[in-house]
4 protein chains.
Amino acid sequence: MGKREDILNATLDLITEEGLQSITFSKIFKRANVGSATFYHYFDNKEVLVNELYKNTSKQMSEFVIKDYDIAATLYEKFRFFLKKTADFAISHPNELWFLENYAHSPFISEEIRNAVDPTISEFINIIAEGQRQGIIKDMNPVVCFQIVGGSILFVIRGHLSNKYPLSDSEIQQTIEVCWKGIKV
Amino acid sequence: MGKREDILNATLDLITEEGLQSITFSKIFKRANVGSATFYHYFDNKEVLVNELYKNTSKQMSEFVIKDYDIAATLYEKFRFFLKKTADFAISHPNELWFLENYAHSPFISEEIRNAVDPTISEFINIIAEGQRQGIIKDMNPVVCFQIVGGSILFVIRGHLSNKYPLSDSEIQQTIEVCWKGIKV
Amino acid sequence: MGKREDILNATLDLITEEGLQSITFSKIFKRANVGSATFYHYFDNKEVLVNELYKNTSKQMSEFVIKDYDIAATLYEKFRFFLKKTADFAISHPNELWFLENYAHSPFISEEIRNAVDPTISEFINIIAEGQRQGIIKDMNPVVCFQIVGGSILFVIRGHLSNKYPLSDSEIQQTIEVCWKGIKV
Amino acid sequence: MGKREDILNATLDLITEEGLQSITFSKIFKRANVGSATFYHYFDNKEVLVNELYKNTSKQMSEFVIKDYDIAATLYEKFRFFLKKTADFAISHPNELWFLENYAHSPFISEEIRNAVDPTISEFINIIAEGQRQGIIKDMNPVVCFQIVGGSILFVIRGHLSNKYPLSDSEIQQTIEVCWKGIKV
DNA sequence: GATGAATGAGAATTCATTCAT
DNA sequence: GATGAATGAATTCTCATTCAT
């Protein structure tokens with residue numbers, strides 16, 4: 001495992017423990033067991049680090065969600081699959097989720113990276129569009145539709161992570177049902 | 001208008017203009033026309049300022065949403081009202097919204113303030129519970145239900161604010177319809 | 001009891017509790033229950049306060065030591081009296097003592113006040129000079145002689161106050177004996 | 001010579017030149033030719049610096065006094081030696097002396113450092129105890145005895161440094177004689 | 001006489017970044 | 001490739017003092 005990974009891991013760990021605001025480079029150096037100059041060997045500056053981390057974490061989430069995706073499943077099953085896997089990731093990786101949500105708006109994240117097309121999301125949006133073509137899902141901007149169902153599932157997890165309520169699998173299933181019922185014709 | 005207000009206003013203005021990351025105290029002092037020590041006369045430190053601002057902004061949103069609330073309206077109308085007003089606030093106050101979402105997770109915000117009960121949200125949750133009692137809305141944890149519909153509407157706005165798509169009133173109405181259809185029996 | 005006294009008392013109290021270095025005016029204002037401007041009504045600035053305190057405390061010590069002075073006593077008895085009373089004051093007013101010792105060297109104390117003649121000390125030095133005239137005490141600069149015996153007694157108390165050793169009356173008597181034996185012919 | 005030494009030296013120089021009260025960090029940085037952050041690389045904060053300086057200065061005095069100590073000398077000669085060297089140090093290093101006396105009582109100096117055993121003082125106290133064993137010096141707590149003679153010599157120097165009187169070698173010899181006569185049997 | 005909000009100069013401290021090794 | 005001592009500009013925060021009431 002290289003120093004570069006150490007730095008990225010240490011940064012996410014620290015975000016987890018102390019919150020985004022209070023992170024300093026020297027904390028990262030100490031945590032990653034890395035000299036300060038070593039950092040600059042791998043990352044030109046803070047911005048580059050954060051962008052890299054954002055890319056990494058995005059990819060991690062994307063790959064987690066798409067894993068075990070059954071291309072032969074029905075449209076409804078695929079829809080359920082995406083939301084369920086998203087919920088699973090959010091619950092098991094709360095800090096990654098939180099980092100992604102916060103930094104997506106940050107001036108640090110370059111336009112290019114923020115707008116990069118995520119293949120998993122693309123596939124999900126394709127599924128929605130396909131559903132619309134088949135007359136199963138309501139006609140609307142499929143990206144808006146994606147935001148509707150994505151927002152629902154993520155906010156339900158958020159509420160749970162903020163200790164507003166316990167969350168069992170049945171609530172998650174319920175949420176997915178609500179989403180499906182809402183958007184279907 | 002006292003210096004304390006000046007400081008709070010200047011801070012929010014600066015967040016609006018420059019984003020959260022780049023704000024420094026000296027910028028606040030200059031903007032508020034206030035000596036540095038004056039700041040510390042009113043706020044013990046940065047944390048206190050941010051908490052105060054969070055309380056203020058929460059209240060602002062809460063009051064914006066509840067304004068013109070018609071207690072005599074039907075349950076469906078009330079539901080639509082809350083989501084529409086939330087969307088209106090989000091669109092017209094993007095920086096306030098972003099500040100609230102980001103800082104809600106920050107270690108700066110005290111547990112006490114984070115968990116404070118918002119009367120507008122309470123009323124919305126009550127409406128949901130009332131709908132359930134009347135057999136109009138599906139039986140589920142009303143707070144979870146609130147997160148579902150709130151997440152939908154806010155994510156739709158977010159997507160718009162991130163330039164993913166233009167947003168006309170008809171998309172907002174559509175979103176509200178999806179929410180209602182999803183949760184009703 | 002006037003505000004002026006309150007300020008002086010509060011200042012000495014704070015020196016006692018927190019040490020000289022860490023005293024600030026706002027602490028004094030709070031402790032004395034006095035507005036900041038009230039302070040400046042009585043004392044032009046910090047220097048004046050410290051000088052006033054120095055004068056006050058000097059006088060307090062001086063009056064404590066001279067109290068019950070028996071002008072009819074023998075020279076030896078008078079000598080013992082001064083040293084014993086000095087020791088008594090030092091033990092019972094450690095903070096006053098410490099303030100006097102530290103600030104005597106401070107640039108804050110004006111030359112005028114630092115060099116002001118203390119009547120009690122004058123009387124003690126007179127006693128020494130008288131002893132020399134009578135051929136009882138060794139011939140030397142009486143002020144130097146005063147420093148010798150004063151230094152002895154105060155350092156013995158200091159050592160005690162610094163917890164180097166317990167101190168009973170017999171050690172004090174012993175110290176006085178040493179002083180007397182040292183300077184007598 | 002490292003930066004750490006530079007900082008300590010600059011601090012002592014400044015105390016010597018300007019007195020304790022007026023020292024600021026930026027003066028130290030300039031004098032030591034050191035960036036501000038460099039200071040914090042070596043010393044966690046002001047307190048640590050002052051403690052370190054206290055240790056250094058203590059050691060300096062200790063080494064000055066013990067220098068040229070003749071272990072073969074008679075007890076009386078040793079006694080004279082310690083007092084004479086103490087006086088020499090006090091006269092030639094008034095600021096160091098004053099720093100030691102003032103800061104010994106300061107809350108800045110940690111208990112541990114304040115109570116550290118000085119080998120030169122230990123040796124002096126041993127000499128006193130040895131004199132008592134030989135029946136030359138009066139029986140009393142040797143530490144008290146040390147304070148008696150130390151206080152005498154230091155107060156005599158103090159009086160001189162405060163411009164109360166000129167001081168030639170003969171007054172110092174006289175003072176040492178008084179001390180010896182006072183404590184011997 | 002008494003007040004305390006307001007101040008700005010300046011203090012201590014932190015930070016991202018560089019450079020010689 | 002790896003290091004960490006060194007940096008100075010920037011930042012947070014303090015302080016003695018003033019002024020309008």
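Chain naming here is simple, since letters A, B, ... match the order of the sequence lines and numbering starts at 1 in each. Nothing here was measured: the structure is a model prediction, and the numbers come from that model.
For the pair Ser58(B) (side chain) and Tyr54(B) (backbone), a donor-acceptor distance under 3.5 Å is present. At distances below 3.5 Å, not a single donor-acceptor pair connects side-chain atoms of Asp6(D) with backbone N or O atoms of Asn9(D). Proximity of a side-chain donor or acceptor of Ser162(D) to a complementary backbone N or O of Arg158(D) within less than 3.5 Å is detected.
Between His41(D) atom NE2 and dT3(F) atom P the separation is 15 Å, expressed in whole Å. Rounded to a whole Å, the OH atom of Tyr42(A) is 12 Å from the C1' atom of dT3(F). Computed from coordinates, the Ile28(A) CD1 to dT14(E) P distance equals 17 Å when rounded to whole Å. Atoms NZ (Lys30(A)) and P (dA2(F)) sit 20 Å apart, rounded to a whole Å. Remark: C1' of dG4(E) and NZ of Lys3(C) are 13 Å apart, rounded to the nearest angstrom.
Between Arg31(D) and Glu17(D), at least one side-chain nitrogen of the basic residue sits less than 4.0 Å from a carboxylate oxygen of the acidic one, meeting the salt-bridge criterion.
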- Please assess Asn163(A) against Asn115(B) for the test side chain to side chain contact (heavy atoms under 4.5 Å, CB included), listing each intermediate value before the final yes or no. CA-CA 10 Å; Asn163(A) 291 317; Asn115(B) 296 333; over 6 Å; no
- Residue pair Asn45(A), Phe39(A): steps toward the side chain to side chain contact (heavy atoms under 4.5 Å, CB included) verdict: CA-CA 9 Å; Asn45(A) 53 43; Phe39(A) 173 86; over 6 Å; no
- Item | Protein proximity profile, nucleotides 14-21 of chain F - base contact B, sugar-phosphate-only contact S, no contact -, cut-off 4.0 Å on heavy atoms | BBSBBB--
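Taking the six-membered ring where tryptophan is involved, the planes of Phe89(B) and Phe64(B) are perpendicular, since the angle between them exceeds 60° and thus also 30°.
Among the protein residues, Phe43(A) comes within range of no part of the nucleic acid, since none of its heavy atoms lies under 4.0 Å from any strand.
Of the residues near DNA chain F, Val34(D) and Asn33(A), the one whose nearest nucleotide (by heavy atom distance) lies more toward the 5' end is Asn33(A).
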- Message: Show me the dot-bracket string of DNA chain F, counting Watson-Crick or G-U pairs under 3.5 Å, with | for pairs to another strand and [ ] for crossing ones.
- Response: .||||||||||||||||||||
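Going from atom CZ of Phe99(D) over to atom CE of Met61(D) covers 13.5 Å, rounded to the nearest 0.5 Å.
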